Every structure is written in C-alpha cells, then in structure tokens.
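Following: one structure in structure tokens, then a few remarks.
Since the model is a prediction, treat every value here as computed from it, not as a measurement.
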Amino acid sequence: MDDTQPCSRRSRRTRTGLLATALATALFLSTSAASADNASATPPTQPVAGPGGSAYTHAGMNVTSGGSGANAWYVFSPSGPAVSSAPVSIVLHGYGEFSGYAQMEQLIKHTVRQGNIVIYPRWQTSPVTPLPVMEHAVGTAVNGIKGALAWMAADPSRPQPQLDKATYFGHSYGGVITMNVTNRHVSIGLPRPAAIMLDEPDGGPLDDDGFDAAMTGVPAATKLACTISDGYTQSDPTHGCYPLWSKLAHIPGANKDFIRVHTDTHGTPDLTAVHGMSTGSSLDAIDYYAIWKNWDALRSCALTGTQCDHLNNSTLQQYMGTWSDGTPVTPVTVSDNPIA
C-alpha cells in the first residue's frame, strides 16, 4: 500500500493537471470565439425614419458665400426641390475652422436636406484672428449672421429664412458663442432661439468658461440640450455644460437635457465618444443617434410640437441603435442636472 499511494497521488495530480489544461484551453477558445464574434459586429447605420434619419425631403443643397475675413458667412438652402422659405438654423463651428465649412459639413447637409436654411458664420480666419477672446469672436459671429440675413432679405427671389422658427447649434468654442449670442439676441437684433443644441461648449484657456455672467436672456421656453463625451478631458465642473447649467435655472427641467455620450468598443470599428462628436469627419452611430437625433428632435419639438417623445430622458432618447449581432449600443445618459 505504501508503494502504491505515491503512484495514486501522482495519477490524481496528472489527471487534475490535464483537466485544468483542458478547461483553460476551452476557456481560451471560447473567449477567442467571443472576441472574434464581437470583432465581427459592425455599428448601426443611419436610421431611415424619425429624428436623425435619412428620410430626407430634399436631394441636396445650394451653397452661397459672402462677406470677408472673419465676418464671412455661408448660406445653405435645400435643392431638389428648392424652397422659397424655410425655418433657419444658425450653426457655429468650433475653434480651428479658418476657411470653408468642412468642420460641420455633414451636420449642415443633414439639416438642410430636411428642409431648413442654414447660416454658418466663419468668425475666424487664423489662430489669432480675431484674438482668441470671446468678445471678439461673438462680434465677428454676429457680423456674419447679420450679413447672411441681409443677403437673403435683399432679394425676395432668394430662399427666405422664417425668423420666427430660428434654432441654433454650436460646437466647442462655437457653443459658447452660441449661448452668448442667444442670451443677447434681443439687444443685438437676432432671431429668438426656439431651440439650442450644444456639443461640448468650451471657452478655452483664455476665457475660463467663456459664458456671459448671466443667461436670463435665453427664453425659458427654449428647448435646449448640451452634450458631453466620455473622452473629453475637460468634462469637469469648470468647463463645458457644467458651468452653463447653473446659469439656466430659469429654464424648466422639461425644456433642457444634459446628455452624456459613452464610448462602446463592442464591435469594429469602435464607437468613440470624444470632443468633436458633431464634426462628422467619419460618420457613425454617435453622429446619427447622439447628435443628429437630439438636434432634430429639439427642432421638431420646439417648432411643430412633434418628436418631443425623443427628449426628456425617454427610452427613445437613450437608444443608440444596435450592433449587427443584436447587442444594443451603450445608451446615452440623460438628466435635467449635470452628470458626473
């Protein structure tokens, strides 16, 4: 018995080791297969119907430019078919758009093809023109907006903006400009904001948060949404939507949404929520579901009373589509108050 016990123990150890190896191999193969499955999952494409969708009423857009320097502007209007008048959206780019309109081109096209006129003030021609101080940027943006409005008003045959149906969109530095312009819209003579959407507004290091000291000039009835992303390093209480929110207490919770967009790496390519979500250089589900959907729903709710069910932290607002393997994309987080 004494001679056989070591052999038995060795046999048991051998069998245990083989079993452990087999289990580890199976786990590895299972994990690898799962990883392969995930890697093969593709992101959701643009929805057809509803806010953010591709059911456009116009095939394209006409582009007109005018003004000069930092006071330059673009006007985009629907084509195929053209319009005689339409609601107007004023879109302000972030820091670094020194010429053209590439930064916001995809969002502009989406907005115009839904039947809107878009005004795009350039407000900047170099890193120091105008000086990177908010008041200079607000001044050139206002000049560009007014220049575009004057050009349309000068000829009734041109598409005319429906000034009682004005909405505003701003990204980064342009988001802060947007808030300051809409806050002062009465004194500077610009259209009343029915809706405002902001993609990570930031005044930059020279302007602290950059917002006007008080924001009571923004009407309480304005529909407003402000987005932040997981990857934006300045998404903290001193930047972006955070300092703005404390200045919007006069706007009821039912009219404003604080939205956080999350990165999702389930499939390939990743859906990465970083600063510049609205710039759309490579369109993906973050554009369609986090930016365009909320932008469309805000405008529709404010102007026609429709698609309001896609706001106020509804399931429809949270929804970000599904990967091709049926896995839901990580929903956005929505609140009436700042989100950590």
Which value, rounded to the nearest 0.5 Å, describes the distance between [X] atom [atom1] and [Y] atom [atom2]?
{"X": "Leu224", "Y": "Phe258", "atom1": "CG", "atom2": "CZ", "answer": "11.0 Å"}
{"X": "Leu198", "Y": "Ile177", "atom1": "CG", "atom2": "CD1", "answer": "12.0 Å"}
{"X": "Gln307", "Y": "Ser300", "atom1": "CD", "atom2": "OG", "answer": "3.5 Å"}
{"X": "Ile108", "Y": "Arg113", "atom1": "CD1", "atom2": "CZ", "answer": "14.5 Å"}
{"X": "Tyr74", "Y": "Ser65", "atom1": "OH", "atom2": "OG", "answer": "5.5 Å"}
{"X": "Gln124", "Y": "His136", "atom1": "CD", "atom2": "NE2", "answer": "13.0 Å"}

Classify the ring geometry of Tyr120 against Tyr101: parallel below 30°, tilted from 30° to 60°, perpendicular beyond 60°. perpendicular
Name the orientation class of the two ring planes belonging to Tyr95 and Phe98 (parallel below 30°, tilted from 30 to 60°, perpendicular beyond 60°). perpendicular
Is it true that the side chains of [X] and [Y] contain a donor and an acceptor less than 3.5 Å apart?
{"X": "Thr306", "Y": "Thr304", "value": "yes"}
{"X": "Ser229", "Y": "Glu200", "value": "yes"}
{"X": "Ser157", "Y": "Asp155", "value": "yes"}
{"X": "His275", "Y": "Ser172", "value": "yes"}

Given side-chain contact (heavy atoms from CB on, under 4.5 Å), test Tyr168 with Met179 step by step and report yes or no. CA-CA 9 Å; Tyr168 293 75; Met179 287 308 304; over 6 Å; no
Any donor and acceptor pair, going by atom type alone, linking the side chain of [X] with main-chain N or O of [Y] inside 3.5 Å?
{"X": "Lys256", "Y": "Ile251", "result": "yes"}
{"X": "Lys293", "Y": "Gly50", "result": "no"}
{"X": "Gln318", "Y": "Asn313", "result": "yes"}
{"X": "Thr178", "Y": "Gly174", "result": "yes"}
{"X": "Arg122", "Y": "Gly69", "result": "yes"}
{"X": "Asp325", "Y": "Thr327", "result": "yes"}
{"X": "Asn116", "Y": "Thr111", "result": "yes"}
{"X": "His185", "Y": "Asn180", "result": "no"}
{"X": "Thr129", "Y": "Ser126", "result": "no"}
{"X": "Glu97", "Y": "Gln103", "result": "yes"}

Answer yes or no: is there a side-chain heavy-atom contact under 4.5 Å between [X] and [Y]?
{"X": "Met152", "Y": "Val75", "answer": "yes"}
{"X": "Ile228", "Y": "Val261", "answer": "no"}
{"X": "Asp209", "Y": "Leu244", "answer": "no"}
{"X": "Leu149", "Y": "Leu163", "answer": "yes"}
{"X": "Thr167", "Y": "Met197", "answer": "no"}
{"X": "Leu271", "Y": "Val329", "answer": "yes"}
{"X": "Asn294", "Y": "Ile259", "answer": "yes"}
{"X": "Trp73", "Y": "Trp123", "answer": "no"}

Who pairs with Thr330 by side-chain hydrogen bond (donor to acceptor under 3.5 Å, both in side chains), at least two apart in sequence or on another chain? Asp264
Residues two or more places apart in sequence or in another chain: which of them pass side-chain hydrogen bond (donor to acceptor under 3.5 Å, both in side chains) with Ser79? none
Determine the minimum heavy-atom distance between [X] and [Y], stating which atoms define it.
{"X": "Asn255", "Y": "Ala220", "answer": "ND2-O, 3.0 Å"}
{"X": "Thr322", "Y": "Pro328", "answer": "CG2-CA, 3.9 Å"}
{"X": "Ala302", "Y": "Ala195", "answer": "CB-CB, 4.0 Å"}
{"X": "Ser77", "Y": "Val112", "answer": "C-CG1, 3.5 Å"}
{"X": "Ala297", "Y": "Pro51", "answer": "N-CB, 4.0 Å"}
{"X": "Pro269", "Y": "Trp323", "answer": "O-CH2, 3.5 Å"}

Result for side-chain hydrogen bond (donor to acceptor under 3.5 Å, both in side chains) between Gln114 and one of Lys109, Arg299, His58 points to Arg299
Could you list the donor-acceptor pairs under 3.5 angstrom formed between side-chain atoms of residues 333-340 and any protein atom two or more places apart in sequence or on another chain?
residue : atom : partner : partner atom : Å
Thr333  : OG1  : His262  : NE2          : 2.6
Ser335  : OG   : Asn337  : N            : 2.9
Ser335  : OG   : Asn337  : O            : 3.2

Walk me through whether Asp257 and Gln317 qualify under side-chain hydrogen bond (donor to acceptor under 3.5 Å, both in side chains). CA-CA 10 Å; Asp257 286 330; Gln317 183 178 36; 3.1 Å; yes
Decide side-chain hydrogen bond (donor to acceptor under 3.5 Å, both in side chains) for Gln162 and Ser85; before the verdict, give the C-alpha distance in whole Å, the side-chain angles of both, and the deciding distance to 0.1 Å. CA-CA 6 Å; Gln162 297 171 4; Ser85 70; 3.1 Å; yes
Between Tyr56 and His110, does the ring centroid distance fall short of 6.0 Å? yes
Step by step, work out the side-chain contact (heavy atoms from CB on, under 4.5 Å) result for Phe169 and Asp199. CA-CA 8 Å; Phe169 186 103; Asp199 176 18; 4.2 Å; yes
Treat each ILVMFWY residue as a node, draw an edge where side-chain heavy atoms are under 4.5 Å apart, and state whether [X] and [Y] are in one component.
{"X": "Leu298", "Y": "Leu316", "result": "no"}
{"X": "Val83", "Y": "Val63", "result": "no"}
{"X": "Leu283", "Y": "Tyr319", "result": "yes"}
{"X": "Leu303", "Y": "Val91", "result": "no"}

Begin with the C-alpha distance, continue with both residues' side-chain angles, and end with the deciding distance and a verdict on side-chain contact (heavy atoms from CB on, under 4.5 Å) for Val88 and Val118. CA-CA 6 Å; Val88 60; Val118 168; over 6 Å; no
Residues Leu107, Trp292; criterion side-chain contact (heavy atoms from CB on, under 4.5 Å); working and verdict: CA-CA 7 Å; Leu107 181 134; Trp292 294 5; 4.0 Å; yes
